[in-house]
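Just so you know, ligand 1 is whichever comes first in the structure, and atom 1 is the first atom listed for that ligand.
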Amino acid sequence: MWWRDAVLYQVYVRSFADSNGDGIGDLAGLTARLDYLEWLGVDALWLNPTFPSPDADWGYDVSDYYGVHPDFGTLADLDRLVTEAVRRGIRVLLDLVPNHTSERHPWFRVEHRDWYVWADEPTNWRAVFGGPAWAWDEREGRWYLHSFLPEMPDLNWHEPGVRAEFERILRFWFDRGVAGFRIDVVHRTVKDLRLRDAAGRGRVQRFPPTDVPGTHELIRAWRRLADEYEPPRLLVGETYVLDVHEMATFYGADADELQLAFNFPFLHASLRAAELRRIVELTERALPEAAWPVWTLSNHDHVRFPTRICDGDERRARCALLALLALRGTPVLYYGDELGLEQGPTPEPPLDRARPSRDGCRTPMPWDERPPAVTWLPNGDLSRNVAAQLKDPDSVLRLCRDLIGLRRELAAAPYETLSTGPGIWAWRRGGATVAVNLSARPAHVRPVEGVVRVSTDRSRDGEHVSGRLRLEPWSGAVVG
Ligand code: NOJ
Ligand code: CA
């Protein structure tokens, strides 16, 4: 279970590193930056969709599950990325999109129209990106379901052909050495096709109704397949639910579903001690014995965390990163998190069709202060760049690297809340104490004994603590 000790790093390939100057990040660019990722200490990469796509939803509308998007390179480039990553002890996860395909996928165009969800009369279901969830198809003289954009018809998971095809897809990539998949909207994959209007007003309906038992059964089948491999392949689900107990169900009653289920309550929390503590404690209680939590502050669908919850205050961003990397569970960094990168600008008109636009969290990775001549999205703040932060011993980047290093020592130690005053969140992990002061007043945490191993204020590293730990406003430390 390598992922328990791992730090995952999410790469939005289109924005990470451009090898040929066309303004679009690509696989060769990412491969060229593996030394950086190895230095940072991450163990696995999750790549946003790498498949051919007309990009109605920037890769989430897949038109060929067996290929590589020409903007990103070739299958040989992907194989090379995997090989080069493995050489550095880094695994590669891809992003599986089973809920829908592109309308331009040959299955929808001609080959398997029966693999989609059709209705003679539309229901009042709404699409996640707004508007009705049904679109008219002239050729069929019927309506097809789309949970997202009309260009993204939903697959019908009650069709055995769809199941068989996706098993082939999983095997195709697992056989190439891909270490696992992040699975898009996994919790909603199988639909309840009784085609009944949603109760109440259609406008409040958020997503076509789900066949919950069917979805769990499907995840179990994928897990059995993933477990056939050595080492077992990892399934990380985009379990977008705001109830921790519901999230916990996706690990499976017998730990036989996802190995990791994303924790959206944590991603949606503000940077308040009481709120974060509550979610973490709830998660610790809700997860089945054999399950392992996963924590995230940012991803490609949300405002970057330094802007979203830190008010652009770097002290707060450091506290958030310290907490993320010292919790029990697998942390996932979104590219740029390690720099404290803030939300970037949104072009006019926006490229992303969801509202509010997600362009601002997908801006190019700032490698140095000189931006490439062309970029597919406008650059954000270039002052927070890799080159500058590598040189600065006090940078957010160095803090992240040191926290990742320290994490290995905390290993599997359980999480145990330490009682503190308001605004403070502190916990023990084995012999170590982790504490963050998420308030504007200085505070003390006790009892704490040991040496400051890593502090958000780096001048305190190495300090001896006996009895109580003083924390300045918006600061934190790991003591052990
Ligand atoms: C969730 C993905 O994270 C998001 O970016 C995408 O738009 C939807 N699923 C649809 O695939
Ligand atoms: Ca390129």
Can a non-hydrogen atom of Trp58 be found less than 4.0 Å from any atom of ligand 1? no

Is the ring pair His216/Phe250 parallel, tilted or perpendicular, if the boundaries are 30 and 60 degrees? parallel

Pair Arg168 + Glu165: basic N to acidic O under 4.0 Å: yes

Just jot down the ligand 1 atoms closer than 4.0 angstrom to any heavy atom of Arg358, in number order. 4 (C), 5 (O), 6 (C), 7 (O)

Exercise: do Thr210 and Arg188 side chains pair donor with acceptor under 3.5 Å: yes

The Ca ion (ligand 2) to nearest N/O/S of Gly25 less than 3.0 Å: no

Does Arg318 come within less than 4.0 Å of Glu314, counting only side-chain N to carboxylate O? yes

Side chains of His105 and Tyr116, donor plus acceptor under 3.5 Å: no

Answer yes or no: is there an ion pair linking Arg182 with Asp95, defined by an N-O contact shorter than 4.0 Å? yes

The Ca ion (ligand 2) - name of the N/O/S atom of Asp26 that sits closest to it: OD2

Using a strict cut-off of 4.0 Å, indicate which atoms of ligand 1 neighbour a heavy atom of His300. 2 (C), 3 (O), 4 (C), 5 (O)

Give a rough value, rounded to 10 degrees, for the angle at the Ca ion (ligand 2) between atoms OD1 of Asp22 and O of Ile24. 90°

Tell me whether Asp35 is salt-bridged to Arg33, with the criterion being a basic N under 4.0 Å from an acidic carboxylate O. no

Using a 4.0 Å cutoff against the non-hydrogen atoms of Glu238, which atoms of ligand 1 qualify? 1 (C), 3 (O)

Answer yes or no: is there an ion pair linking Glu38 with Arg87, defined by an N-O contact shorter than 4.0 Å? no

Give me the residue, atom name and distance of the protein heavy atom closest to atom 6 (C) of ligand 1. Asp57 OD2, 3.3 Å

Decide, counting backbone as well as side-chain atoms, whether Asn20 has an N, O or S atom less than 3.0 Å from the Ca ion (ligand 2). yes

Can you tell me the protein heavy atom closest to atom 3 (O) of ligand 1 and the distance? Asp301 OD2, 2.5 Å

Report the part of Phe262 (side chain from C-beta onward, or backbone N, CA, C, O) that has a heavy atom under 4.0 Å from ligand 1; answer both or neither where that applies. neither

Nearest neighbour in protein (non-hydrogen) for atom 8 (C) of ligand 1: Phe148 CE2, 3.8 Å

Look at atom 11 (O) of ligand 1 and say which protein heavy atom is nearest, naming residue and atom and giving the distance to 0.1 Å. Asp184 OD2, 2.7 Å

Counting backbone and side chain alike, does Asp18 bring an N/O/S atom below 3.0 Å of the Ca ion (ligand 2)? yes

With no hydrogens and no angle check, do the side chains of Asp61 and Ser53 hold a donor and an acceptor under 3.5 Å apart? yes

In ligand 1, which numbered atoms sit nearer than 4.0 Å to a non-hydrogen atom of His100? 10 (C), 11 (O)

Electrostatic pair Asp256-Arg224, nearest N-O below 4.0 angstrom: no

Would Arg182 count as a contact of ligand 1 if the rule is a heavy atom under 4.0 Å away? yes

